[in-house]
Amino acid sequence: MTLDNTPAQSQLGRASAYLDHYDASLLFPIPRATQREAMGIAPAALPFFGADLWTAFELSWLNPRGKPQVAIAHFTVPCETPNIIESKSFKLYLNSFNSTVFTDIDAVRERLRTDVSEAAWRGSERGGSVGVRLVAPAMFEREPLQELAGVDLDRLDIECTHYQPAPELLTSDVSQTAISETLTSRLLKSNCLVTGQPDWGSVQISYSGAPIDQAGLLAYIVSFRNHNEFHEPCAERMFWDIWRRCRPTRLSVYARYTRRGGLDINPFRTSGPQTLPANARTARQ
């Protein structure tokens, strides 16, 4: 069974009551297949591996004595789950913990894991789990802050004329010896699919293969500036366009978006199985 939830049916762009007592029904899953099929990606044969790394900075609940507790939550949602979780619904769901009593932080983590896993896999014959890690206040100072490593594309003085995704800007020089390199940019911007509100991000692209024209790649990243799409399909669109047009032998795309509503979403897609990057926020996050 496939979910027929659409972004227009979600709470995005609507006035919402902020419930402060636990309610798992607030989570609103949206099928990934719709956007993937529109890009020419067959959901049954994904060309990538990876996950969506979420960070929730506004998580609180009550202990058995009624005293508020706080934590930072890290979620790892595998890209093969059939659904994304619409971000406003995620925020509303997390707010529903605010006046709810839990015995301890472990009980909170298990409730989050159970609910988010169910929503991410809803409608699928398969089952699975998302990763959930809670950081208690005593460990806050150990939360890393670091910029994406790689050669900075933003140093290039280029002319930009495209503000909708333009894969034709991507080229590679097959006459040159294959290389491996990592390139980064802080000029990623797209817009929410429903509200049109801006989503700001940084992106890291690592590949092996014929050298990719860096000026064209930067112009391509900038071309997302007026594009309306959720974070996850934006990263998949980048991966798919680079994969098809530049034909690297190895490719990964890692986008880190600034937080909205106390949540940041950081999709990572790679052509082969590998360890996920550390969910370390950048300065703008």
Side-chain angles (χ1 to χ4, degrees), residues 6-8 12 30-43 45-52 79 84 86-87 148 150-154 156-173 181-207 209-248 250-258 260 264-271 284:
T6 67
L12 278 172
I30 297 175
R32 297 183 190 267
T34 303
Q35 290 300 101
R36 286 174 174 172
E37 290 170 351
M39 285 185 259
I41 297 175
L46 297 180
F48 45 67
F49 301 83
D52 306 320
C79 70
I84 64 172
E86 187 277 304
S87 60
L148 295 173
V151 177
D152 185 11
L153 291 172
D154 301 344
L156 301 173
D157 183 19
I158 65 170
E159 181 178 4
C160 298
T161 58
H162 294 75
Y163 300 105
Q164 290 289 344
E168 64 272 16
L169 296 170
L170 296 167
T171 60
S172 60
D173 189 348
E181 65 178 351
T182 299
L183 307 169
T184 65
S185 173
R186 297 179 179 87
L187 301 186
L188 175 60
K189 174 192 169 291
S190 54
N191 302 319
C192 173
L193 178 64
V194 177
T195 67
Q197 293 297 305
D199 294 320
W200 305 93
S202 299
V203 63
Q204 179 188 65
I205 296 165
S206 298
Y207 75 95
I212 295 176
D213 177 65
Q214 293 187 5
L217 178 58
L218 179 58
Y220 169 74
I221 294 168
V222 170
S223 76
F224 279 73
R225 194 166 183 84
N226 290 337
H227 180 58
N228 294 349
E229 198 165 44
F230 291 140
H231 302 51
E232 299 92 336
C234 276
E236 293 180 357
R237 186 179 297 277
M238 283 192 175
F239 178 97
W240 192 227
D241 285 346
I242 296 169
W243 186 252
R244 289 188 299 173
R245 295 193 65 90
C246 299
R247 300 186 179 279
R250 177 190 62 84
L251 175 65
S252 67
V253 173
Y254 184 29
R256 293 199 63 90
Y257 282 89
T258 60
R260 289 177 59 185
D264 65 39
I265 309 172
N266 311 286
F268 175 74
R269 301 293 183 268
T270 178
S271 56
R284 292 196 298 164

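This is a predicted model, so every value here is computed, not measured.
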Residue list, side chain to side chain contact (heavy atoms under 4.5 Å, CB included) with D152, at least two apart or on another chain: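 Checked D152 against side chain to side chain contact (heavy atoms under 4.5 Å, CB included); matches are D154, T184, R186.
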What's the shortest heavy-atom distance between [X] and [Y], and which atoms?
| X | Y | value |
| --- | --- | --- |
| C246 | L170 | SG-CB, 3.9 Å |
| L217 | I205 | CD1-CD1, 3.8 Å |
| V203 | I221 | CG1-CD1, 3.8 Å |
| S271 | F49 | O-CE1, 3.7 Å |
| W240 | G40 | CZ2-O, 3.8 Å |
| C234 | F224 | O-CE2, 3.9 Å |

Would you call [X] and [Y] a side-chain contact if the rule is heavy atoms closer than 4.5 Å?
| X | Y | value |
| --- | --- | --- |
| E236 | P267 | no |
| P43 | R32 | no |
| I265 | I84 | no |
| D213 | D173 | no |
| E168 | R245 | yes |
| H231 | D52 | no |
| R260 | S87 | no |
| Y163 | S223 | no |

Could you give the distance from [atom1] ([X]) to [atom2] ([Y]), rounded to the nearest 0.5 Å?
| X | Y | atom1 | atom2 | value |
| --- | --- | --- | --- | --- |
| E86 | L193 | CD | CG | 10.5 Å |
| D199 | D264 | CG | CG | 11.5 Å |
| W200 | N191 | CH2 | CG | 8.5 Å |
| L183 | E181 | CG | CD | 4.0 Å |
| L188 | H227 | CG | NE2 | 10.5 Å |
| S190 | M238 | OG | CE | 8.0 Å |

Students often mix this up, so state it plainly: with edges at 30° and 60°, are the rings of W243 and F239 parallel, tilted or perpendicular?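 Plane angle under 30°, so parallel.
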Is the charged tip of R269 near the ring of F48: under 6.0 Å from the six-membered ring centre and within 45° of its axis?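 So R269 does make the cation-pi contact.
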Keeping R250 on the side-chain end and G209 on the backbone end, is there a donor-acceptor pair under 3.5 Å?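 No, because the side chain of R250 does not come within donor-acceptor range (under 3.5 Å) of the backbone of G209.
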Step through the shown structure and confirm whether more than 12 heavy atoms of other residues, nucleotides or ligands are within 6.0 Å of CZ on R247.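 Check fails, neighbour count at 12 or below.
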So, applying side-chain contact (heavy atoms from CB on, under 4.5 Å) with I212, which one of L251, T171, I242 is it?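 By the side-chain contact (heavy atoms from CB on, under 4.5 Å) criterion, I212 pairs with just one of L251, T171, I242: I242.
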